[in-house]
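Report on the structure given below.
No experiment lies behind these values; they were computed from the predicted model shown. Residue numbers begin at 1 in each chain, while the letters A, B, ... track the order of the sequences.
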Amino acid sequence: GAVVSQHPSRVICKSGTSVKIECRSLDFQATTMFWYRQFPKQSLMLMATSNEGSKATYEQGVEKDKFLINHASLTLSTLTVTSAHPEDSSFYICRASARGGLEQYFGPGTRLTVT
Amino acid sequence: AQSVAQPEDQVNVAEGNPLTVKCTYSVSGNPYLFWYVQYPNRGLQFLLKYITGDNLVKGSYGFEAEFNKSQTSFHLKKPSALVSDSALYFCAVRDPPPGDYKLSFGAGTTVTVRA
């Protein structure tokens, strides 16, 4: 089956710094990628949807200047958390979708801890 | 808007007993329904989906789900639960094509299977 990877799997950073999380589709072209965050024992909250080569569409309440999303190629999307704060500590998960595909492939997630 | 509800935060069963995780949906039109499982600090793993066809859908790891249109339900079932089935389970719904690929998730149900 299709594989989606995320890097890093865990990251600890200091408050005020920026962190980049990569999401890669390894054996298919992901025309659309979705970014979610998940707090402990809670559901996934969609942050933004990105299509290759275009600007991401952010969900209401998500700061686009804080959570920078780039989808420069059909196999890579990045989420950069800028000027991170402890409240940004969360589990970030990407999901990739191929053109016209019904299948949805999730990455393994990235645990971000901001100290 | 499409939505799903998981009425139970937690389900506890003994190993070997039947397991049911409940999900109800609210959609306009025909629903595309999914079940995912999440183990601690991991991404979501696909279990099964209902698009059309037989109301009883069989999926991974011995799980199945029954689509019931009259009750707007899509309950996940396993005839004989294993301790290793202990995890967080999510029901999800998305628009059928050509709608967008956004998935809306339920709040999740924590399943604990005791030995």
Side-chain angles (χ1 to χ4, degrees), chain A residues 1-11 21 23-25 30-52 54 56-60 62 89-113, chain B residues 1-11 21 23-25 30-53 57 59-61 86-112:
Chain A
V3 177
V4 175
S5 69
Q6 277 184 245
H7 177 78
S9 58
R10 291 175 178 268
V11 57
I21 302 170
C23 176
R24 293 181 183 274
S25 58
T31 51
T32 305
M33 285 192 176
F34 305 83
W35 286 95
Y36 297 83
R37 64 186 301 180
Q38 183 184 30
F39 292 105
K41 298 191 176 182
Q42 293 190 26
S43 190
L44 280 71
M45 301 300 296
L46 180 64
M47 299 174 66
T49 303
S50 72
N51 293 296
E52 185 266 338
S54 62
T57 302
Y58 289 81
E59 296 298 301
Q60 191 172 9
V62 178
S89 299
S90 188
F91 196 53
Y92 292 86
I93 303 173
C94 70
R95 173 169 72 95
S97 175
R99 189 187 311 276
L102 293 175
E103 300 298 333
Q104 307 295 326
Y105 304 104
F106 285 87
T110 296
R111 171 73 61 193
L112 170 63
T113 303
Chain B
Q2 318 278 34
S3 66
V4 288
Q6 294 178 243
E8 299 165 318
D9 291 335
Q10 289 201 340
V11 170
V21 188
C23 173
T24 58
Y25 64 88
N30 296 322
Y32 278 33
L33 295 161
F34 302 81
W35 274 103
Y36 292 89
V37 60
Q38 184 182 33
Y39 295 97
N41 292 310
R42 301 288 296 275
L44 272 66
Q45 295 181 34
F46 171 79
L47 284 178
L48 50 80
K49 67 177 183 284
Y50 173 81
I51 304 299
T52 185
V57 179
S60 306
Y61 312 121
S86 298
L88 183 56
Y89 291 79
F90 291 103
C91 181
V93 65
R94 56 151 287 188
D95 287 339
D100 67 29
Y101 297 145
K102 289 183 181 180
L103 277 175
S104 297
F105 288 88
T109 299
T110 299
V111 170
T112 302

Structural part of B:F90 lying under 4.5 Å from a heavy atom of chain A: side chain
task: Identify which part of B:Q38 has an atom lying under 4.5 Å from any heavy atom of chain A, answering side chain, backbone, both or neither.
output: side chain
task: If the plane angle is over 60° it's perpendicular, under 30° parallel, otherwise tilted; pick one for B:F34 and B:Y36.
output: parallel
query: When you look at A:R95 and A:Y105, which way does the side-chain hydrogen bond (donor to acceptor under 3.5 Å, both in side chains) test go after all the steps?
result: CA-CA 5 Å; A:R95 173 169 72 95; A:Y105 304 104; over 6 Å; no
field: Minimum side-chain heavy-atom gap B:W35-B:V21 below 4.5 Å
entry: yes
Structural part of A:Q6 lying under 4.5 Å from a heavy atom of chain B: neither
task: With a 4.5 angstrom heavy-atom cut-off, could you sort out which part of B:L44 is near chain A: side chain, backbone, both or neither?
output: both
message: Looking only at side-chain N and O atoms, does B:Q2 offer a donor or acceptor that is under 3.5 Å from a partner on B:Y25?
response: no
